[in-house]
Amino acid sequence: MSIKNIYMIQPNYLYGSSAHLPYAAGTIIAYAFINEDIKSHYSLKKIQFQRESIEKTVREADNPFVIGFSTYVWNFEYNKALAKRFKEKYPDCVILFGGHHVPPGEELLREYNFIDILIHGEGEEPFSQILMSFIDNSPLDEIPNISFRKNGAFINTPFKEYSSCNYPSPYLEGYFDSFFTDYPEFSFELMFETNRGCAYNCAYCDWGSLRTKIRLFPMERILREFEWACKHKIEFFGCADANFGILARDEEIIDRLVELKRTTGFPKKFQTSYAKNNSERIFNIGKKLDENDMNKGVTLAFQTLSPVASKNVGRTNVSVKYYTQLMNRYNAANIPTYTELILGLPGETYRSFADGMNTLIKAGQHHSIYVHNCEWLPCSEMGNRTYIDKFEIGTTKIPLNEPHMQSPKGKEIPEYSQIVTKTFSMDHLMWIETNMLSYTVQCFHHMNLLQFFAIYLFDMQKIEYIDFYERLLSFNDNHPDTVSGKVFAEIRLRLKSVIDGTGGLLCYDDKFGDIGWPFEEFAFLEIVCEIDRFYNEIREFLDSFDIPAEILDDLLLYQRNIIKRPGRKKVEYTINYNFHDYFMNRFKAGNIELVKHKNIIEITDNENISEWEDYARRVVWYGRKESKNIYTSCVTVKDK
Ligand code: B12
Ligand code: SF4
């Protein structure tokens with residue numbers, strides 16, 4: 001009997017020297033190989049996690065029988081090119097495509113004759129059944145959730161929802177052990193699941209269309225995976241759950257992670273998507289993570305504040321009142337939070353989006369609002385024709401929209417994202433304007449460049465945050481020769497080029513490292529490079545408000561110096577108001593009054609960040625969720 005060779009392909013981009021362990025490919029293989037028949041008929045040759053040269057990969061392969069491609073938006077083009085080449089060299093090999101970027105039905109089979117079988121949704125059971133069918137020659141027709149060709153026709157087998165989650169762990173089965181010796185140059189990141197499925201059905205999300213019940217992995221498996229990862233000194237643990245914190249045992253899971261960090265030093269950081277109802281439990285989880293410096297910020301999710309858009313995407317949010325209470329609670333406990341919004345949902349307009357951002361800031365979200373442009377995903381409800389027609393969804397294809405990814409190199413196969421740039425309620429022009437405002441708010445408020453003026457004017461003169469930022473946007477538009485005017489004029493051009501189909505949503509500059517920056521972060525970096533000129537120029541804008549001269553001068557001094565900049569060691573200055581105490585207390589939802597009080601502010605920066613690349617990475621990329629763009633803990637205030 002000849003052994004049949006299996007290759008699994010789950011390639012991804014690198015994030016510097018960090019790489020995700022190819023967990024999806026691993027879990028499918030681990031499940032298949034618990035079957036003794038499969039074990040005796042097949043041999044796993046390789047799990048590929050990098051975008052290796054196509055020619056080299058095919059050349060080095062040893063007579064592949066089955067090649068499984070784990071397909072996502074970030075590797076779809078690469079996978080197709082590799083699969084095509086494999087099929088040319090090995091016409092009899094079986095090419096399987098599974099993963100989130102495989103649309104329902106036989107569409108990919110029609111388009112690409114080098115693909116033999118599509119697996120829709122979860123892969124463990126069908127993959128194993130397909131391998132078995134090649135051993136006992138049983139028909140594929142009996143295997144649910146797949147598409148294939150038969151006698152010149154396309155067969156789509158019926159949908160089945162899986163009920164168990166009793167799958168072995170690829171980590172504990174040893175499928176990744178050799179990675180640490182074979183690829184010592186990488187630091188790997190762990191992706192783990194505690195449960196699978198999501199009870200919600202958001203129209204823009206893949207999982208929404210599956211509407212699966214939540215199934216739990218055994219606790220023992222999860223805890224043993226953690227030990228495995230700590231043994232391999234994995235610094236970053238990511239949890240793939242759709243709603244972490246939804247179950248009581250999730251707090252126990254965090255307790256164990258904290259204990260492991262204390263005893264082994266690992267993991268250093270933990271990240272997940274939190275449950276949407278943001279309960280007491282999630283607060284406790286956030287607190288524990290924060291106290292142990294493992295937090296990457298707790299999401300206080302919203303996506304949209306427009307009731308029309310919420311309805312159209314099937315999303316229910318917490319009320320603004322409850323959100324405000326939550327914000328106060330997190331702020332008082334000093335736990336960083338961030339709120340995500342999606343721009344481009346059907347029903348959203350410029351006004352509803354602007355008002356939504358205003359509401360969030362008023363509710364206390366001064367740390368972070370991340371605005372994502374809505375990505376059109378083929379397996380989501382939004383991906384289907386009826387939905388597209390009903391809401392007049394228009395999309396634009398752009399280079400893969402993945403911030404902080406290494407810049408694509410010359411010979412690489414480009415990947416693409418499809419961004420929603422038009423709906424029945426938002427035309428292209430409005431999409432550009434809404435984005436301009438969103439970048440303005442993120443850059444100047446949440447990345448703090450003018451945040452203290454916005455808060456001051458809101459507190460003292462009841463000027464709405466969004467009015468302040470709309471006026472700033474118009475100032476920048478009318479002053480294209482200033483530092484900020486120039487950056488925002490460039491952003492506008494880039495947004496236009498997205499609509500034309502010639503541009504993307506990332507900026508590159510070697511000065512900030514070999515990675516792509518989202519516009520708001522790029523704008524922040526460009527402005528900080530010329531920070532003194534920026535504050536001199538923006539004075540004209542600030543003068544247009546009715547701020548007493550003495551306060552304006554002092555506040556500008558405070559605002560200008562509180563922004564972290566590279567190469568700074570120490571700065572000391574005197575101001576006449578208690579600005580530092582006032583604003584820091586304001587972030588914690590406190591009620592200290594702004595009073596005249598002469599004080600000396602001393603900032604001692606011991607972080608030793610002198611290079612722009614280091615600054616961009618540590619302060620802007622890693623630090624943004626925790627408001628690291630400003631000096632906080634290293635500031636001392638003395639009475640004068
Ligand atoms: C963890 C995660 C990340 C991580 C790491 C991703 C990674 N490279 O490993 C981070 C935070 C970096 C990330 C980023 C992004 N992500 Co993400 N992410 C996830 C998340 C939460 C979990 C993925 C996971 O590992 N799940 C566990 C595994 C076991 O499940 P699975 O991937 O579904 O695999 C099963 C099946 O798909 C199938 N299968 C998979 N491969 C194969 C192969 C074969 C042969 C077979 C038979 C079956 C099969 O079987 C598997 C087991 O049942 C999912 C949402 C989700 N909960 O699934 C989104 C998700 C995968 N991400 C998504 C997106 C869009 C992105 C971004 C592009 C977002 C952005 N614009 O920034 C970036 C790009 C990432 C990149 N370049 O790597 C989309 C992908 C949609 C698509 N069509 O590809 C998802 C589905 C989110 C969504 N709600 O729609 N992401
Ligand atoms: S966006 Fe989150 S809550 Fe909504 S369906 Fe997807 S995984 Fe579930």
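Atoms within a ligand are numbered from 1 in the order they appear, just like the ligands themselves.
- When ring centroids are compared, Phe180 and Trp228 come within the 6.0 Å threshold.
- Proximity of atom 87 (C) of ligand 1 to the protein is not indicated, since no non-hydrogen protein atom lies closer than 4.0 angstrom.
- Considering backbone and side-chain N/O of Gly123, one or more are found under 3.5 Å from N/O of ligand 1.
- Using modelled atom types, one finds a donor on one side chain and an acceptor on the other under 3.5 Å when comparing Glu521 with His404.
- Here the two rings, on Phe127 and Tyr31, have centers that are 6.0 Å apart or farther.
- With 3.5 Å as the limit, one finds no donor-acceptor pair spanning the side chains of Ser17 and Glu185.
- Per-residue contacts place Leu377 under 4.0 angstrom from the following atoms of ligand 1 (heavy atoms of the residue considered): 81 (C), 83 (N), 90 (O).
- Defined by atom type and a distance below 3.5 Å, a donor-acceptor pair is missing between the side-chain atoms of Tyr7 and Thr57.
- The shortest contact between atom 57 (N) of ligand 1 and any protein heavy atom is with Trp207 CZ2, 2.8 Å.
- Of all the atoms in ligand 1, the ones that sit under 4.0 Å from a non-hydrogen atom of Ala24 are 34 (O), 40 (C).
- Remark: side-chain polar atoms of Asn243 are not paired, donor with acceptor, to backbone N or O of Cys198 under 3.5 angstrom.
- One option in Met191, Arg196, Gln271, Gln418 has a heavy atom closer to atom 4 (C) of ligand 1 than any other, and that option is Met191.
- Put simply, the side chain of Arg494 never gets that close to the backbone of Gly504: no donor and acceptor are under 3.5 Å apart.
- Between His101 and ligand 1, at least one N/O pair is under 3.5 Å apart.
- Using a 4.0 Å cut-off to heavy atoms of Ala242, the atoms of ligand 2 that qualify are 7 (S).
- Near Glu124, meaning under 4.0 Å from one of its heavy atoms, ligand 1 places the atoms 52 (C), 53 (O).
- In this structure, atom 30 (O) of ligand 1 has no protein heavy-atom contact shorter than 4.0 Å.
- Distance remark: protein heavy atom not present below 4.0 angstrom from atom 19 (C) of ligand 1.
- Of the N or O atoms in His100, one or more lie within a sub-3.5 Å distance of an N or O in ligand 1.
- At a 3.5 angstrom cut-off on N or O pairs, Tyr72 counts as close to ligand 1.
- For atom 63 (C) of ligand 1, the nearest non-hydrogen atom from the set Trp376, Trp74, Tyr162 comes from Trp74.
- For the residue pair Tyr204 / Arg315, a side-chain donor-acceptor distance below 3.5 Å is found, with atom types taken as modelled.
- Atom numbering of ligand 1 starts at 1 in the shown order; those under 4.0 Å from a heavy atom of Gly68 are 45 (C).
- Atom 69 (C) of ligand 1 has its nearest heavy-atom neighbour, among Glu415, Glu122, Glu402, in Glu402.
- Under 4.0 angstrom from ligand 1, there are no non-hydrogen atoms of Gln10.
- With sequence neighbours left out, Tyr338 forms a ring-ring contact (aromatic ring centres under 6.0 Å, His included) with Tyr370.
- Protein heavy atoms are absent from the 4.0 Å sphere centred on atom 91 (N) of ligand 1.
- Looking from atom 89 (N) of ligand 1 to the surrounding protein, the closest heavy atom is Cys205 SG, 3.1 Å.
- An N or O contact shorter than 3.5 Å is missing between Met405 and ligand 1 by distance.
- When only modelled atom types and interatomic distance are considered, Tyr78 and Glu412 share no side-chain donor-acceptor pair under 3.5 Å.
- Here the heavy atom of the protein found nearest to atom 37 (O) of ligand 1 is Gly99 CA, 3.4 Å.
- Between the side chain of Asn5 and the main chain of Lys45, no donor-acceptor pair closer than 3.5 Å is present.
- Atom CD1 of Ile54 and atom CZ of Arg85 lie 9.5 Å apart (nearest 0.5 Å).
- Atom numbering of ligand 1 starts at 1 in the shown order; those under 4.0 Å from a heavy atom of Ser70 are 40 (C), 41 (N), 42 (C), 43 (C).
- For ligand 2 and Cys205, the ligand atoms under 4.0 Å from any heavy atom of the residue are 1 (S), 5 (S), 6 (Fe), 7 (S).
- Looking at Ser70, its side chain never comes within 3.5 Å of a backbone N or O of Ile9 through a donor-acceptor pair.
- Taking a distance limit of 4.0 Å, we find that atom 35 (C) of ligand 1 is approached by no protein heavy atom.
- Phe134 CZ to Leu140 CG: the interatomic distance, rounded to the nearest 0.5 Å, is 5.5 Å.
- The distance criterion of under 3.5 Å between nitrogen or oxygen atoms is met by Glu375 with respect to ligand 1.
- At least one N, O or S atom of Cys202 sits under 2.8 Å from atom 4 (Fe) of ligand 2.
- From the protein, the heavy atom lying nearest to atom 12 (C) of ligand 1 is His20 NE2, 3.5 Å.
- Taking a distance limit of 4.0 Å, we find that atom 10 (C) of ligand 1 is approached by no protein heavy atom.
- Residue contacts with ligand 1 leave out Glu189, since none of its heavy atoms falls under 4.0 Å from the ligand.
- Asn12 ND2, 2.5 Å is the protein heavy atom nearest to atom 8 (N) of ligand 1.
- In terms of protein heavy-atom proximity, atom 21 (C) of ligand 1 is closest to Ala240 O, 4.0 Å.
- Heavy atoms of Phe69 found under 4.0 angstrom from ligand 1 belong exclusively to the backbone.
- Here salt bridge (Lys or Arg N to Asp or Glu O under 4.0 Å) pairs that include residues 72-82, with residues two or more places apart or in two chains, are Glu77-Lys80.
- Looking at Gln303, Glu340, Lys276 and measuring to atom 3 (S) of ligand 2, the nearest heavy atom belongs to Lys276.
- For atom 44 (C) of ligand 1, the nearest non-hydrogen atom from the set Leu21, Val73, Ile28 belongs to Ile28.
- Under a 3.5 Å cut-off, the side chain of Arg149 and the backbone N or O of Leu109 do form a donor-acceptor pair.
- Of the protein's heavy atoms, none falls inside 4.0 Å of atom 2 (C) of ligand 1.
- Interatomic distance, Leu257 CG to Leu289 CG, rounded to the nearest 0.5 Å: 7.5 Å.
- The backbone N or O of Gln406 sits nowhere less than 3.5 Å from a side-chain atom of Asp514 that would complete a donor-acceptor pair.
- Summary of contacts: the protein heavy atom closest to atom 47 (C) of ligand 1 is Ile119 CD1, 3.5 Å.
- Judged purely by distance below 3.5 Å, without hydrogens or angles, the side chains of Asn156 and Glu106 pair a donor atom with an acceptor atom.
- Note that atom 54 (C) of ligand 1 has no protein non-hydrogen atoms nearby, at separations under 4.0 angstrom.
- Side-chain N or O atoms of Thr304 include none that pairs as donor or acceptor with a backbone N or O of Ala309 at under 3.5 Å.
- Between the side chain of Arg196 and the backbone N or O of Glu122, no donor-acceptor pair lies under 3.5 Å.
- Looking only at atom types and distance, the side chain of His20 has no donor-acceptor partner in the side chain of Asn12 under 3.5 Å away.
- Within the 4.0 Å heavy-atom shell around ligand 1 one finds Gly121.
- Each of the following atoms of ligand 1 lies closer than 4.0 Å to a heavy atom of Asn401: 70 (C), 71 (N), 72 (O).
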